[in-house]
Visitor: 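Below is the structure I would like to discuss, written out as structure tokens.
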Amino acid sequence: MAQYKRLLFIFLTTLISTLAQAENGINSPYSRFGLGTLSDQNLGVNRQMGGLGYALRDKSYINLLNPAAVSSADSTTMIFEGGFSFQNGNFKEGDTKMNVKNASFDYLAMSFRLRKNLGFAMGILPYSNVGYSFGSNETILSPDGDTNGSFSSIYNYNGSGGLTQPFVTIGWGITDNFSIGVTASYLYGDITHSISNEFTDNNISNRARQYNINVSNYKADFGLQYSKKISEKHSYILGAVYSLGHDLNADAQLVERKTTSGVTEYNDTTSFENAFKLPHTFGVGVTYTYNGKWTIGADYTFQKWSESSFFGDNKGCDRSKISLGLEYNPNKISRNVLKRTRYRAGVYYAQPYTEFNGKKGCEEYGISAGFSLPMTSNNNMNNNRSLLNVSGQFVRINPKTDGMITETYLRLNIGITFNEFWFFKTKVN
């Protein structure tokens, strides 16, 4: 028990210190809609395979996309996993182009077995991110066209914040083939959006609006998996997940101000009840493995955002996502590190979950590839399954409305999985 307490203390200390310095790594104007840019619950392996995970099950890494997968935790090991990413983004609207670069801490998780067929995981993940700053400047001429009487109208749009979810997961293997799991998360965070319209003519009133959102609520996810070995070389896994949709009971306010020549003429605050809702989410997946080397799979996700709300208005769109993934594992027991390396690739497509002026927002698709490289030699019994997870992603976000910005991202994701024999006991004769 003392060892468990020490491990928990180390984990929580690392988690808190890391989050205190973390940036969300978002520079997207589309994060001003809804709850921001949604973050899938992907860890290193899932990112390599296009977000695949509902039917993945392996004791050498953590898979949080399906809580039931946690039941595969090994009895002798403790898994720590953390990840971060570097991103280069390109924005294009007509002939205007812009490039941004940033980095972000993405996740931290740990997993171990509580007892036979009962696995446990805990950690922290982002749920959504908000980050943007842009503006426009318009020159307004005097009524007679005299440029000396002209003035400028300046619009500024800024947003920051996001939602974070610490979580605990329990997965239970009911039989050798069937397992279930549940994830309980605490969803919290602050989001701020501000819009200002200022004029260089002091006789014209400046206006500003600021939206403040504070979320503090729960999130619940459920999952199941069924695995079947057809023959010596053929096996498959089926997976299904469900996330509970409910009111977030968020504190939301709209603050409006009007000033002329530095004098406040109007300052009003409007509060919203039940301003935001989480959607009911359903997901199914399947993977097929041949000869223990080749694994292919597909996931489908449906989120009922049309029944959700943002500031009390129904502005969501039902969102679907399809992920396809592939893994090749040449030789699990080879002394050649490259043969023990797992190579993965994947693609995905996702529809928008928000509307812009009554029309659907942006669709998204991505391509990824990567590998999990063993970090030690095969004959090191004290540490033989720790992995360096590296993947590259190409992501394109296309607006479904003319005149909007197209976003293109190149991402480098790096994760480390420490899979150690913490609970391995040696016997001395």
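Atoms considered below: every heavy atom in the structure, side chains included; atoms not considered: hydrogens, waters and symmetry mates.
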Visitor: Could you state the interatomic distance from CZ (Phe112) to CG (Leu118), rounded to the nearest 0.5 Å?
Guide: 10.0 Å

Visitor: If you look at every heavy atom in Gly82 and Leu108, which pair is closest and at what distance?
Guide: CA-CD1, 4.0 Å

Visitor: Go through Leu43 and Leu64 one step at a time and tell me if the side-chain contact (heavy atoms from CB on, under 4.5 Å) criterion holds.
Guide: CA-CA 7 Å; Leu43 301 194; Leu64 299 176; 3.9 Å; yes

Visitor: Just by distance, with hydrogens left out, do Tyr157 and His193 show a side-chain donor and acceptor under 3.5 Å apart?
Guide: no

Visitor: Would you say the side-chain atoms of Ser128 pair up with the backbone N or O of Leu35, donor to acceptor, closer than 3.5 Å?
Guide: yes

Visitor: Can you check side chain to side chain donor-acceptor pair (under 3.5 Å) on Lys101 and Asn99, steps first, answer last?
Guide: CA-CA 7 Å; Lys101 294 179 175 65; Asn99 178 270; 3.0 Å; yes

Visitor: Compute whether any side-chain donor of one residue and acceptor of the other, for Thr301 and Tyr54, lie under 3.5 angstrom apart.
Guide: yes

Visitor: Mind checking the OH-CD spacing from Tyr127 to Gln165? Nearest 0.5 Å is all I need.
Guide: 7.5 Å

Visitor: If you look only at pairs with a residue in residues 33-44, which of them pass as a salt bridge (Lys or Arg N to Asp or Glu O under 4.0 Å), with sequence neighbours excluded?
Guide: Asp40-Lys321

Visitor: Within the 3.5 Å criterion, strictly below it, is a donor on Lys219 or Asn217 matched to an acceptor on the partner's side chain?
Guide: no

Visitor: Using the rule side-chain hydrogen bond (donor to acceptor under 3.5 Å, both in side chains), only one of Glu327, Arg342, Arg344 pairs with Ser372; which is it?
Guide: Arg344

Visitor: Under a 3.5 Å cutoff, is there a donor and acceptor pairing between the side chains of Ser60 and Asp58?
Guide: yes

Visitor: How about Asp190 and Asn212: does a side-chain donor come under 3.5 Å of a side-chain acceptor?
Guide: no

Visitor: To the nearest 0.5 Å, how far apart are CG in Leu324 and CD1 in Ile296?
Guide: 9.5 Å

Visitor: Looking at Arg207, I'd like to know if its CZ atom is crowded, meaning that more than 12 non-hydrogen atoms belonging to other residues, nucleotides or ligands lie closer than 6.0 Å.
Guide: no

Visitor: What is the distance from atom NE2 of His234 to atom OG1 of Thr289, rounded to the nearest 0.5 Å?
Guide: 11.0 Å

Visitor: Is it the case that the side chain of Tyr132 and the backbone of Asn158 share a donor-acceptor pair, with hydrogens and angles ignored and the cut-off at 3.5 Å?
Guide: yes

Visitor: If we only count heavy atoms from C-beta on, is the Ile79 to Thr417 side-chain gap below 4.5 Å?
Guide: yes

Visitor: Residues in ring pair (Phe, Tyr, Trp, His ring centres under 6.0 Å) with Tyr328, at least two apart?
Guide: Trp294

Visitor: What I want to check is whether the side chains of Thr37 and Ser31 have a donor and an acceptor closer together than 3.5 Å.
Guide: no

Visitor: Could you give the distance from CZ (Arg32) to OG (Ser133), rounded to the nearest 0.5 Å?
Guide: 12.0 Å

Visitor: Ser71: which residues meet the side-chain hydrogen bond (donor to acceptor under 3.5 Å, both in side chains) condition with it, sequence neighbours left out?
Guide: Arg57

Visitor: Sequence neighbours excluded, which residues qualify as side-chain hydrogen bond (donor to acceptor under 3.5 Å, both in side chains) partners of Ser391?
Guide: Asn413

Visitor: Checking Thr164 side chain against Pro126 main chain: does a donor-acceptor pair fall under 3.5 Å?
Guide: no

Visitor: Would you please name every residue forming a ring pair (Phe, Tyr, Trp, His ring centres under 6.0 Å) with Tyr226, sequence neighbours left out?
Guide: none

Visitor: Considering all heavy atoms of both residues, which atom of Arg113 and which atom of Arg115 are nearest to each other, and what is their separation?
Guide: CG-O, 2.9 Å

Visitor: Please tabulate, one pair per line, all N/O donor-acceptor pairs under 3.5 Å involving side-chain atoms of residues 243-255, not counting sequence neighbours.
Guide:
residue	atom	partner	partner atom	Å
Ser243	OG	Asp221	OD1	2.3
His246	NE2	Tyr218	O	2.9

Visitor: Considering only heavy atoms from C-beta outward, does the side chain of Asn336 approach that of Asn331 to under 4.5 Å?
Guide: no

Visitor: Could you pull out all residues at least two apart from Tyr155 that satisfy ring pair (Phe, Tyr, Trp, His ring centres under 6.0 Å)?
Guide: none

Visitor: By the salt bridge (Lys or Arg N to Asp or Glu O under 4.0 Å) test, which pairs, at least two apart or in different chains, include something from residues 284-306?
Guide: Lys304-Asp318

Visitor: Answer yes or no: are there more than 12 heavy-atom neighbours, outside Asp268 itself, under 6.0 Å from its atom CG?
Guide: yes

Visitor: Counting N and O atoms only, with roles assigned by atom type, does the side chain of Tyr30 sit under 3.5 Å from a partner on the main chain of Ile405, one being a donor and the other an acceptor?
Guide: yes

Visitor: Side-chain donor-acceptor pair under 3.5 Å between Gln87 and Arg411, yes or no?
Guide: yes

Visitor: To the nearest 0.5 angstrom, please state how far the CG atom of Leu224 sits from the CG atom of Leu238.
Guide: 9.5 Å

Visitor: Do Phe272 and Ile213 pass the side-chain contact (heavy atoms from CB on, under 4.5 Å) test, and can you show the C-alpha distance, the side-chain angles, and the key distance before you say yes or no?
Guide: CA-CA 10 Å; Phe272 298 85; Ile213 306 142; over 6 Å; no

Visitor: Please test Phe302 against Ser320 for side-chain contact (heavy atoms from CB on, under 4.5 Å), starting from the C-alpha separation and ending with a verdict.
Guide: CA-CA 5 Å; Phe302 178 79; Ser320 295; 3.7 Å; yes

Visitor: Could you report the tightest heavy-atom contact between Tyr107 and Gly44, atom names first, then the distance?
Guide: OH-N, 3.0 Å

Visitor: Keeping the roles fixed (side chain from Asn63, backbone from Leu56), state whether a donor-acceptor pair exists under 3.5 Å.
Guide: yes

Visitor: According to side-chain hydrogen bond (donor to acceptor under 3.5 Å, both in side chains), who are the partners of Ser39, at least two apart in sequence or on a separate chain?
Guide: Asn129

Visitor: Does any non-hydrogen side-chain atom of Leu388 lie less than 4.5 Å from one of Ile416?
Guide: yes

Visitor: Provide the closest heavy-atom pair for His280 versus Glu307 in the form atom of the first, atom of the second, distance.
Guide: CD2-OE1, 4.2 Å

Visitor: Under the side-chain hydrogen bond (donor to acceptor under 3.5 Å, both in side chains) test, which residues partner Tyr236, sequence neighbours left out?
Guide: none

Visitor: Going by the angle between their ring planes, with limits at 30° and 60°, are Phe282 and Tyr242 parallel, tilted or perpendicular?
Guide: tilted

Visitor: Got a sec, which pairs hit salt bridge (Lys or Arg N to Asp or Glu O under 4.0 Å) with one end in residues 225-234, sequence neighbours left out?
Guide: none

Visitor: Could you walk me through whether Leu163 and Phe276 pass side-chain contact (heavy atoms from CB on, under 4.5 Å), step by step?
Guide: CA-CA 12 Å; Leu163 303 184; Phe276 293 88; over 6 Å; no

Visitor: Kindly give the heavy-atom pair with the smallest separation between Leu52 and Thr287, and that separation in Å.
Guide: CD2-CG2, 4.3 Å

Visitor: Give me the atom names and distance for the closest heavy-atom approach of Glu93 to Met404.
Guide: CG-O, 4.3 Å

Visitor: Donor-acceptor pairs are to be reported for all side-chain atoms of residues 361-370 against protein atoms at under 3.5 Å, with residues two or more places apart or in another chain.
Guide:
residue	atom	partner	partner atom	Å
Glu363	OE1	Tyr349	OH	2.8
Glu364	OE2	Tyr348	OH	2.5
Ser368	OG	Arg47	O	3.0
Ser368	OG	Gln48	O	3.2
Ser368	OG	Gly50	N	3.1

